[in-house]
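Comments concern the structure below.
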Amino acid sequence: MKKIVLWMDSIVAIFFLSVAAIMYYESSRIYTGDGFAMDPASYPMLIISIILLLALLLLVGGIRNNLRKTPINQASEENDEGSAIVEEVSPNYKNPLKMILLLIAFGFGLGYLGFIVSTLVMIIVGTLMLGYRSYVRMTIGAIVVTLVVYFGFSYLLLVKFPSGLLF
Amino acid sequence: MSGLELYAQGIPYVFTPDVLLYLLIGVLAGVVVGSLPGLSATMAVAVMTPLTFSMDTIPALALLLGTYCAALFGGSISAILVNIPGTPGAVMTTLDGYPMNQRGEAGRALGLATVGSVLGGLVSVIILMVAAPPIASLALKFSAQEYFSLALFGVSMMAYVSSGSLVKGLLSGMIGLLLATVGTDPTTGSLRFTFGVTELLSGFSLLSVMIGLFGLTEVLISTERIVTGKKIKPQLSKMLPSFSTLFKHKGTIVRSAFVGTIVGAAPAAGGTIASIISYGLEKRLSKHPEKFGTGIPEGILAPETANNASTGGSMIPMMTLGIPGDAVTAILIGALLIHGLQPGPMLFTQQPHIVSSIFLLMALANILFLFIGLAGAKLISKLLNVHPGMLYPIIALLCIVGTYAAQSMLFDVIVLLVFGILGYILNKVGIPAAPMVLGLILGPIVESSFRRSLIMDNGNLMTFFTRPISAFFLILTIFILISPLLGKLKTYIIKKIFNKEVTV
């Protein structure tokens, strides 16, 4: 894991180089050769070329920075990172991942279960996931927020929400 | 149109019950959201934007500007009460605000922050009212070359001031410019990068991308650290500072107001940078710099005044040139575009009542949060006891519903989720999202101006350097891009000449 973090810039650079290459190929398919100003592909190709250059700079910079680091330098950096900032709470990377999965499930749920049921479930599951344990307050809060948002958007802003199997 | 006529145009539009009500709602929402750590003014305005779709333009502006001005102030509440800045611009306020709270003077600290913010905001609105019309008149003479250079300068500047390396910032900006090309080419009608997806014919929904990158991403980042501490019960008495106190620190207030306005007017610089510069300046000018950080009034007045003064400053380039002064005004540009308005000098000639309304709304917003900030501090402090686990799913819900409400298309929600996840990943790898959003907003201007310039001058690239204003901004852009190299060159030369190790 530490190695991935160390080489992160290089990994990101390679990713952007790949994406830029694909986009450049896509641009070439619409290239008409009518001159820069009139050709729909020339401007995107110019931007993609700049992205390629920047990604290369990032890659070179990333490789150079990692090659410069000796084991002593790496160790002292790790110690500095440890002592520089005292964090009260360590980051929990599982929470964002859980939220992403929950929101994707919510998106699917909207079409099958309808807005009200999906929203109720999303708020309750999300709140539990993030550590809130007052079940009564959570349930009341979820119901209130769902109804306020539903009626507020439906009747005041005239938004038609997708309906599902229930409502 | 004379200055006074311009300022009066908005009066019949602004002083109506519905506009004032939306302004009040915006200010309330801004103070509440700004005071909650993990949420920002940018997110607040981004989430509010879709709520304005069914509104007329001026009520929509009332809601958004009220939220903008108040959210920057709201960050000081949690900064003072729990030593956690509610918004990035309140970071410096924690240095003296929390120590003052610990002495049992939380009310005094909040009062100073509130009044400082109000005064800074009002001064910046006055400067905006005075400076904007002549700049707009000058901008009317701009041609395609100037707009291209200016837009490019804006994206570069945003990349420069964003966190992380300049290369990463520029990468983000360029990706934004590329994303702006998705859809139908306005000149030839050709389809670009749609990959057969019908919904992409008109490109990415600006709103979905903005809310994804500024709203959902921040929610995801905030869920990494769910902090629940002991309940706070602040001592909030004697909040309003006396006139003698304010008069004693008039130098700090005036200097900070001007610093904030000027820094805010620089494209891409915003309240955070303004508050840091102002705090540093006051500490340097103080006869007792060692007292900064112990809970002195200047330590609160300087950053808070500058932070809110940046609001008027940021609106100057946005309104006169269509270039945002910070991330929030980038979203405001998006909101104006959604309402069919094109920010820039033509706004002053074609819709002066909109310009005048913006001036009046910002002034009123600053006056409103004086009362709300002082009167509502106790209630707002209770919000800091709400478990974040309850808040974040609700904010995510508002992001999704707000995005869906725009066009009732589930595809927009998909774009929101994609960019929310992308924004989170970019944050983890150190690539800032703000330049990408700015690139997406300014992309159409950059491309159309670039191509039009070449058409006008038969493909001659030197056209951008033969016009003085265009050349000025391009040279400034080049200077920004090579500034890291210049720094290294300076270090190298000093090392060679003086045979010294120099750290920059």
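The figures that follow rest on heavy atoms only: side chains count, while hydrogens, waters and symmetry mates do not. Numbered from 1 within each chain, the chains take letters A, B, ... in sequence-line order. The shown structure was predicted, so the numbers you read here are calculated from the model rather than taken from an experiment.
- With chain A as partner, the option from B:V401, B:V413, B:L417 having the largest number of non-hydrogen pairs under 4.5 angstrom is B:V401.
- In the model, B:D457 has a side-chain atom that pairs as donor or acceptor with a side-chain atom of B:T463 under 3.5 Å.
- Across all their heavy atoms, B:A159 and B:P435 have their closest contact at CA-CG, 3.9 Å.
- Both the backbone and the side chain of A:S27 have a heavy atom closer than 4.5 Å to some heavy atom of chain B.
- For a residue to count as touching a neighbouring chain, one of its non-hydrogen atoms must lie under 4.5 Å from one of that chain's; by this rule A:I30 touches chain B with the side chain only.
- Heavy-atom distances place both the backbone and the side chain of A:F161 under 4.5 Å from chain B.
- Contacts of A:A142 with chain B are made by backbone atoms alone, with heavy-atom separations under 4.5 Å and no side-chain atom involved.
- Between chain A and the options B:R452, B:M55, B:K428, B:R192, heavy-atom pairs under 4.5 Å are most frequent for B:R192.
- Checked against the 6.0 Å centroid criterion, the rings of B:F204 and B:F419 qualify as a close aromatic pair.
- Between the side chains of B:Y424 and B:E224, at least one donor N or O lies within less than 3.5 Å of an accepting N or O.
- Of the residues considered (A:I100, A:V125, A:I123), A:I100 shows the highest number of contacts with chain B, using heavy-atom pairs under 4.5 Å.
- If you measure heavy-atom distances from A:L53 to chain B, you find no contacts under 4.5 Å at all.
- Only the side chain of A:L46 comes within contact range of chain B, judged by heavy atoms closer than 4.5 Å.
- In this structure, A:S154 contributes its side chain and A:F151 its backbone to no donor-acceptor pair below 3.5 Å.
- No part of B:F53 comes within reach of chain A, as not one of its non-hydrogen atoms sits under 4.5 angstrom from that chain.
- Taking the six-membered ring where the residue is Trp, the centroids of B:F464 and B:F450 are separated by under 6.0 Å.
- Of the listed residues A:Y43, A:Y132, A:Y93, the one with more heavy-atom pairs under 4.5 angstrom with chain B than any other is A:Y43.
- If you tally non-hydrogen atom pairs under 4.5 Å between each of A:K98, A:K94, A:R29, A:M23 and chain B, the highest count goes to A:M23.
- Using a 4.5 Å cut-off between heavy atoms, A:I50 touches chain B through its side chain atoms alone.
- Looking at B:T94, its side chain does come within 3.5 Å of a backbone N or O of B:V91 through a donor-acceptor pair.
- Of the residues considered (B:L191, B:I400, B:T187), B:I400 shows the highest number of contacts with chain A, using heavy-atom pairs under 4.5 Å.
- Distance alone, capped at 3.5 Å, is enough to place a donor-acceptor pair between the B:D185 side chain and the B:T188 backbone.
- Contact of A:M129 with chain B is not made at all, since no heavy-atom distance falls under 4.5 Å.
- Closest approach of B:M436 and B:S172 over heavy atoms only: N-OG, 3.1 Å.
- In terms of heavy-atom pairs under 4.5 Å with chain A, the best-connected choice from B:L398, B:L410, B:I221, B:L177 is B:L177.
- Annotation: maximal heavy-atom pairing with chain A below 4.5 Å, among B:L51, B:L397, B:I175, B:L454, occurs at B:L397.
- Here B:L178 is the residue among B:L178, B:I394, B:T181 with the most heavy-atom pairs under 4.5 Å with chain A.
- Taking each heavy atom of B:T403 and B:S208 in turn, the nearest pair found is CG2-OG, 3.2 Å.
- Environment of OH in B:Y22: sparse, with no more than 12 heavy atoms of neighbouring residues, nucleotides or ligands closer than 6.0 Å.
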